[in-house]
Amino acid sequence: MNLQPLYDVKERLEQAAIAGTGLLEEDFRLQRAAENLKPLAAASPVFGKISAGLEKLLAAPAAEHPGLLLDLLALVDAVAYTQGKTGIEGELEPLPTGHGQYQELSCGQLSPLLEALTSTGGGRMEIVQSAWENHPEYFSEYRVLPCLIQDLGDKFTYLANLNVKILTALGPAVVPALKEGFDPAGKAAMARRVEILDAAVGAAENEFYLEMLPKARKDVQLALIWALRHDPSNGLKLLELSQTKKGDAQETAYRALASSRSPEAQKYFEELAEEHADLTLRYLAQTAEKVDWASRLTARLFRAELDRIAENPQLPLTKELERRFKVLLEALRNKSGPEIRDVYRRAAALGEQVERMRTSGDQPMKFDVSFGLRQAAEDSGFRQSVCRTLEGMLMRDPDPEWKALALELYEEYGNLYLAPALLAQLLSQDSAACYEWAEARFFRTAAPESRTVDPEAVRAFNRVFGNVCWIPRRERYEISPLWNYGEDAPFITPLPLLDPRWFGLFTKAGKSMDHLLVSLLQERRQAPEVLAQMGAYLYRRAVTGDNPNYTEWYIRILSGLGWTDWTDFFPERGKRVGEFLYLELKMGLERMPVPLEEKIRQLEQLSELARQKKVQIRYKGWPEEAIQDWITQWKLEERKGEDQHV
């Protein structure tokens with residue numbers, strides 16, 4: 001059936017609605033369309049109804065035209081919509097493998113994400129991040145995946161890096177799409193494609209890396225060279241690159257060779273170590289994976305330096321030796337095996353001797369070996385650095401052998417190794433059992449009536465728990481040495497839910513562990529067992545604490561845990577501390593989960609205290625006018641809320 005007459009009528013009626021009904025009687029095109037519709041009217045009742053409506057409209061007095069036109073146009077629109085269909089001509093073919101999957105997702109669901117991935121401007125990263133957290137399935141959809149890959153070249157680097165993280169998490173399924181249209185002479189977007197292949201499939205795409213390398217340029221070349229470390233058969237190729245390339249490409253080839261399990265890599269670095277130990281250690285310190293030969297070679301070089309000191313107690317501790325030990329400590333990263341554990345034992349035994357005064361000055365050897373840990377050590381001496389490196393290894397590889405070593409060194413050398421021992425227990429035992437072990441070491445004396453907190457234990461506990469975070473979306477505590485990467489940091493290890501007694505233990509150290517309580521509790525929600533243990537303490541610290549930057553944090557934590565008694569909070573704090581930061585007061589009151597009436601009452605009480613010269617705003621005195629404006633605004637909001645409720 002030819003429906004063109006229907007669409008002609010629809011078009012003329014829409015034109016009449018735009019031009020106005022005063023011209024209906026002179027619209028010969030509408031009359032012609034009405035005539036052309038009559039064959040359809042004879043074939044179907046619904047078209048007959050439209051035809052009758054047209055006749056009535058054209059014959060009606062001018063005053064009735066508007067109502068009749070709108071009724072008829074609504075009917076025609078409804079009929080036209082029922083005739084719509086989807087589809088295109090041609091054979092139905094499956095989607096190409098690796099280019100995304102079909103999912104029953106509407107354009108409305110995907111539109112914000114697609115817009116963020118294909119446009120420019122602010123706010124896009126938040127949209128992509130939110131979609132990834134709440135709807136990760138969107139990103140493997142066939143409409144989204146190509147846009148995600150295309151946006152690897154986004155000029156906003158943080159968004160481009162987020163895209164890398166997402167595509168890496170999607171795994172091998174995205175490999176075909178990453179390889180399609182790959183340009184080895186391209187720029188950052190192509191280098192990121194290689195980075196994803198490297199992380200997601202490693203050696204599985206070794207042939208692709210080798211094929212693309214001769215034509216590669218700049219960052220793409222570096223990424224391809226680095227990816228060659230995965231396949232041991234690339235040893236000779238990496239040796240060739242390290243000898244023929246220059247600059248960054250040569251440096252990357254050496255790093256990749258040091259992380260390779262190829263026999264050529266082992267032979268090369270063992271020979272290099274005989275003449276250039278420092279250069280060898282520089283590359284061993286950059287290994288990306290655990291490589292057995294690299295661990296054994298590192299252990300051999302470390303033992304050689306320790307043996308020199310053991311054999312000659314008066315050996316001058318020069319700046320040069322200090323630098324060598326720093327590189328040796330850095331080279332312990334990603335190294336494991338019995339030889340490496342023996343190095344830790346020997347370093348612990350000789351640690352005090354290594355820390356003798358340097359001959360070139362009046363200071364002992366110092367090292368800056370953080371291993372990525374969030375809590376920096378107060379002392380950077382050799383023994384502390386060995387201890388810190390062991391902590392870092394435990395967080396990266398909670399292997400039973402490492403845990404046993406940490407406890408062994410603690411038993412032999414005491415509190416110096418309390419942090420790694422505590423970490424080993426935290427990773428091995430349930431939280432209640434670990435707490436029992438830890439509590440006995442937190443205090444100097446065992447007798448409850450006379451015990452005092454051991455400052456060394458406080459430092460150790462801060463070191464360990466400073467790397468622990470509560471992750472709301474996974475509803476658990478986790479530990480990682482690299483939280484600067486966010487919730488998807490490398491080397492995340494889940495922990496048993498912390499026994500509430502831990503928090504009570506931390507309060508015994510007073511202010512020195514308040515920051516730890518804030519860190520561990522800031523994301524907890526509705527935890528009655530923690531609130532029962534900590535509520536009164538946190539409230540008291542919030543009222544009396546001398547750090548105004550913590551006030552809003554305490555309010556947030558208490559609110560999250562379920563605390564409800566906020567009566568006269570700020571007036572009481574004002575009487576205790578005498579002054580506020582303006583933002584402390586504003587953000588604290590806004591965060592406090594009480595009715596506006598209570599917030600207003602507290603502000604009015606504070607104004608009265610200010611008139612009595614008992615409180616003030618730091619740097620401003622008491623801005624009475626601003627405070628009154630604030631009260632007035634809240635009263636208006638309160639009144640508006642009451643009106644809406646009525």
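Looking only at side-chain heavy atoms (C-beta outward), Arg463 and Arg388 come within less than 4.5 Å of each other. Using a 4.5 Å heavy-atom threshold, the side chains of Phe139 and Val128 count as touching. Under the 4.5 Å side-chain criterion, counting only non-hydrogen atoms from C-beta, Ile617 is not in contact with Leu581. Between Leu423 and Ile479, the closest side-chain pair of non-hydrogen atoms falls below 4.5 Å. Side-chain contact check for Leu482 versus Arg396: some heavy-atom pair is nearer than 4.5 Å. A 4.5 Å side-chain heavy-atom check between Leu328 and Leu332 finds every atom pair outside the cut-off. Residues Leu394 and Asp399 form no side-chain contact, since every pair of their non-hydrogen atoms from C-beta on lies 4.5 Å or further apart. Residues Leu498 and Tyr435 are not in side-chain contact: their nearest non-hydrogen atoms beyond the backbone lie 4.5 Å or more apart.
Rounding to the nearest 0.5 Å gives a distance of 11.5 Å between CG of Leu561 and CD of Gln533. Within the model, atoms CG of Leu589 and CD1 of Ile555 stand 7.0 Å from one another, a figure rounded to the nearest 0.5 Å. Atom CH2 of Trp553 and atom NE2 of His515 lie 13.5 Å apart (nearest 0.5 Å). Considering CG of Asn547 and CD of Glu584, their distance stands at 9.0 Å, rounded to 0.5 Å. Distance CD1/Ile340 to CG/Leu390: 12.0 Å, rounded to 0.5 Å. Note that the NZ atom of Lys508 and the OG1 atom of Thr452 stand 13.0 Å from one another [nearest 0.5 Å].
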Please report the C-alpha distance between Tyr539 and Tyr554 in whole Å, then the side-chain angles of each, then the deciding distance to 0.1 Å, and finally whether the ring-ring contact (aromatic ring centres under 6.0 Å, His included) criterion is met. CA-CA 7 Å; Tyr539 186 85; Tyr554 283 128; over 10 Å; no
Between Leu495 and Glu478, is the side-chain contact (heavy atoms from CB on, under 4.5 Å) condition met? List the steps. CA-CA 5 Å; Leu495 295 176; Glu478 297 175 348; 6.0 Å; no
Evaluate the criterion side-chain contact (heavy atoms from CB on, under 4.5 Å) for residue pair Lys165 and Gln129; output intermediate values, then yes/no. CA-CA 11 Å; Lys165 182 179 81 171; Gln129 182 71 53; 4.2 Å; yes
Going through the distances and angles, do Leu162 and Met125 end up as a side-chain contact (heavy atoms from CB on, under 4.5 Å)? CA-CA 8 Å; Leu162 174 59; Met125 184 166 178; 4.2 Å; yes
Going through the distances and angles, do Lys326 and Glu322 end up as a salt bridge (charged side-chain N to carboxylate O under 4.0 Å, His left out)? CA-CA 6 Å; Lys326 183 178 187 303; Glu322 180 180 42; over 6 Å; no
Lys403 vs Leu427, side-chain contact (heavy atoms from CB on, under 4.5 Å): CA-CA, chis, key distance, verdict: CA-CA 8 Å; Lys403 297 173 187 175; Leu427 294 168; 3.9 Å; yes
Starting from the C-alpha separation in whole Å, work towards a yes-or-no answer on salt bridge (charged side-chain N to carboxylate O under 4.0 Å, His left out) for Arg473 and Glu133. CA-CA 9 Å; Arg473 64 189 175 101; Glu133 291 175 357; 5.1 Å; no
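The two residues Gly504 and Met534 have their closest heavy-atom pair at N-SD, 3.6 Å. What you find for Ala348 and Leu409 is that their closest heavy atoms are CB-CD2, 4.0 Å. Closest non-hydrogen pair, Arg573 versus Pro548, comes out as NH2-CA, 3.9 Å. Among all heavy-atom pairs drawn from Leu407 and Ala424, the shortest one is CG-CB, 4.4 Å. The shortest non-hydrogen separation linking Leu609 to Pro571 is CD1-O, 3.9 Å. Heavy atoms only, all atoms of each residue included: Leu329 and Ser385 are closest at CD1-CB, 3.7 Å.
Figure legend: cation-pi geometry between Arg476 and Trp470 absent, as NZ or CZ is not positioned both under 6.0 Å from the six-membered ring centre and within 45° of its axis.
Open room surrounds CZ on Arg576; 12 or fewer heavy atoms of other groups in view lie less than 6.0 Å from it. In Glu624, the CD atom is crowded: over 12 heavy atoms of neighbouring residues, nucleotides or ligands sit closer than 6.0 Å. For Met592, the CE atom sits in a packed shell: over 12 heavy atoms of surrounding residues, nucleotides or ligands are nearer than 6.0 Å. Annotation: Glu625, atom CD; neighbour count of heavy atoms from other residues, nucleotides and ligands within 6.0 Å does not exceed 12. Atom CD of Glu352 is surrounded by 12 or fewer heavy atoms from other residues, nucleotides or ligands within 6.0 Å.
We find that Glu195 and Arg192 are not joined by a salt bridge, their nearest charged nitrogen and carboxylate oxygen being 4.0 Å or further apart. In summary, Lys635 and Glu597 do not engage in a salt bridge, as defined by a charged side-chain N under 4.0 Å from a carboxylate O. Using a 4.0 Å cut-off between charged nitrogen and carboxylate oxygen, Glu475 and Arg525 do not count as a salt-bridge pair. Using a cutoff of 4.0 Å between basic side-chain nitrogens and carboxylate oxygens, Arg441 and Asp454 are not scored as salt-bridged. A salt bridge between Lys511 and Asp546 is present, with a side-chain N of the basic residue lying under 4.0 Å from a carboxylate O of the acidic one. Glu529 has no carboxylate O lying under 4.0 Å from a charged side-chain N of Arg501, or vice versa, which leaves the two without a salt bridge.
A distance-only check finds no donor-acceptor pair linking the side chain of Ser130 to the backbone of Ile127 [under 3.5 Å]. Panel note: side chain Asp151, backbone Cys147; no donor-acceptor pair is recorded below 3.5 Å. The backbone N or O of Glu579 sits nowhere less than 3.5 Å from a side-chain atom of Gln616 that would complete a donor-acceptor pair. Of the possible donor and acceptor atoms, none in the side chain of Glu523 sits under 3.5 Å from a partner among the backbone N and O of Pro472.
A distance below 6.0 Å separates the ring centres of Phe465 and Phe506. Ring pair Trp566/Phe569: centre-to-centre distance below 6.0 Å. The six-membered or imidazole ring of Trp402 lies near that of Tyr344, with a centre-to-centre distance under 6.0 Å.
Between Trp502 and Phe461, the ring planes lie tilted relative to each other; the angle falls in the 30° to 60° range. Ring planes of Phe503 and Tyr477: tilted class, angle from 30 to 60°.
Side chains of Lys335 and Thr287: a donor-acceptor N/O pair is present below 3.5 angstrom, by distance only. At a cut-off of 3.5 Å, with distance as the only test, a side-chain donor of Asp514 or Tyr537 sits close to an acceptor on the other residue. Under the 3.5 Å distance criterion, with hydrogens and angles disregarded, a donor-acceptor pair is assigned to the side chains of Gln605 and Arg601.
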